[in-house]
Undergrad: 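For reference, the structure I am asking about is given below.
Below, read A as the first sequence line, B as the second, and so on, with proteins coming before strands; counting in each chain starts at 1. Just so you know, these numbers use all the heavy atoms, side chains as well, and skip hydrogens, waters and symmetry mates.
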Amino acid sequence: MEYGKERVVALVDMDCFYVQVEQRLNPALRNTSCVVAQYKTWKGGGIIAVSYEARAHGVTRNMWVADAKKLCPDLQVARVRESHGKADLTHYRDASVEVIEVMSRFAVIERASIDEAYMDLTSAVQQRLKNMSEEQINPGLLKTTYIQGYPQTELDPSSSENSVLDKEELRSKGLQQWLESLPTPSSAEQNCAELQLTMGALIVEEMRAAVEKQTGFRCSAGISHNKVLAKLACGLNKPNRQTVLPLESVTELFSSLPIGKIRNLGGKMGASIMETLKVENMGDLTRFSQPELVQHFGEKTG
DNA sequence: AGCCCGTGTGGA
DNA sequence: TCCACACGG
């Protein structure tokens, strides 16, 4: 197997998880602009989770409720339970366990936080490929899947029709183009990395559907070859969607990706990289060798 | 008045 | 091995 393509790794991230937990409990909050906030006294409390409807009004995490209401006057506010003057998150932890239990039926889960989990799907994928007949994968089984970098827009002056496609049309067109480029899942082709990612996406589609059916909670996911890329992919099409990030699409994605967008590089570490190496984008980093990076930033980080 | 918490890293 | 700090949520 080619270097960097050995594993299939997924990251599943619950969409505005605390909000969903409160919405399940109180149906009046569903499909509305709402937030979860803690500590009522100062400016109405601090916001720790925001529904996507409220985000459309510019409401963000870490905002005061009083400020958020200026942006979104009909904002609904759910409150974090307080025990003895302390915010009590056990409610959300219990909901998290519900989700993890469902996901564990599909793969070994590595819990990364209360609302996200990584999983190595390599062996599950190989199992599924073995048992598959030689037909092309049905796009209908990947209804919420985006393939990053697809459709590849060939510069065709005769058809400027791409500009009128909405997001869903683009998604399905890209998926279709991707599936056509794959070998049929037969015999010798089972170690094709792109085919493996696609099978990973199929498993994650099933997992996410099971999570929603069992718990009522929706999530997004990224499928790629390692944890950093899976995390990055997950953020590309939220909420309630999943994204495959093939290695071939990484170069273009990185070319304009600010370093701070990569997990663990959002703070001082990322700033020091940009400062030390005089770079802005992830693409610029490929100019440096691994020993150079290790020298600057330490064994693990480099 | 940004808190609180889990996790990971690297230096002492 | 422990501790301080950084990061994300």
Undergrad: Please report the distance, rounded to the nearest Å, between CD1 in A:Ile47 and C1' in B:dA1.
TA: 14 Å

Undergrad: For atom C1', what is the distance between B:dG2 and C:dG8, given to the nearest Å?
TA: 15 Å

Undergrad: Using whole Å, report how far CD of A:Glu116 lies from P of C:dC7.
TA: 17 Å

Undergrad: Taking only the side-chain heavy atoms of A:Asn62 (C-beta and beyond), determine which of B:dC4, B:dG2, C:dC7 contains the nearest atom.
TA: B:dG2

Undergrad: Would you mind reading off the distance between A:Ile48 atom CD1 and C:dG9 atom C1', rounded to a whole angstrom?
TA: 9 Å

Undergrad: Is A:Lys231 close enough to C:dG9 that one of its side-chain N or O atoms is under 4.0 Å from OP1 or OP2 there?
TA: yes

Undergrad: Taking NZ from A:Lys227 and C1' from C:dC7, how many angstroms apart are they, rounded to a whole number?
TA: 15 Å

Undergrad: So which nucleotide from C:dC7, B:dC5, C:dG8 ends up closest to the side chain of A:Arg263?
TA: C:dG8

Undergrad: Rounded to the Å, how far apart are A:Arg111 CZ and C:dG8 C1'?
TA: 15 Å

Undergrad: Between A:Arg81 (CZ) and B:dC3 (P), how many Å, whole number?
TA: 24 Å

Undergrad: Parallel, tilted or perpendicular: which describes the rings of A:Phe17 and A:Phe217, with under 30° parallel and over 60° perpendicular?
TA: perpendicular

Undergrad: Have a look at A:Phe17 and say if it touches a base, only the backbone sugar-phosphate, or nothing, with a 4.0 Å heavy-atom cut-off.
TA: nothing

Undergrad: Looking only at side chains, do A:Glu292 and A:Ser289 share a donor and an acceptor under 3.5 Å apart?
TA: yes

Undergrad: I want to verify a distance call: between B:dA1, C:dG9, C:dC7, whose nearest atom is closest to the A:Arg61 side chain?
TA: C:dG9

Undergrad: Can you measure A:Asn264 atom CG to B:dG10 atom P for me and round it to whole angstrom units?
TA: 11 Å

Undergrad: Check A:Asp74 with A:Lys69, please: is the shortest side-chain N to carboxylate O separation under 4.0 Å?
TA: no

Undergrad: Of the nucleotides B:dC3, B:dC5, B:dA1, which has the atom closest to the A:Gln38 side chain?
TA: B:dC3

Undergrad: Rounded to the Å, how far apart are A:Leu89 CG and B:dC4 P?
TA: 11 Å

Undergrad: B:dG2, C:dG9, C:dC7: which one has an atom nearest the side-chain heavy atoms of A:Asp115?
TA: C:dG9

Undergrad: Run the salt-bridge test on A:Arg128 and A:Glu206 with the 4.0 Å N-O cut-off and return the result as yes or no.
TA: yes

Undergrad: Please say which of A:Gln242, A:Lys167, A:Arg171 ends up in a side-chain hydrogen bond (donor to acceptor under 3.5 Å, both in side chains) with A:Asn237.
TA: A:Lys167

Undergrad: A:Trp64 side chain: which of C:dC7, C:dG9, B:dG2 is closest?
TA: B:dG2

Undergrad: Please report the distance separating the C1' of B:dC3 from the corresponding atom of C:dC7, rounded so that it comes out in whole Å.
TA: 15 Å

Undergrad: Which part of the nucleic acid, if any, lies within contact of A:Gly46, taking any heavy atom under 4.0 Å across all strands shown: a base, the sugar-phosphate backbone alone, or nothing?
TA: nothing

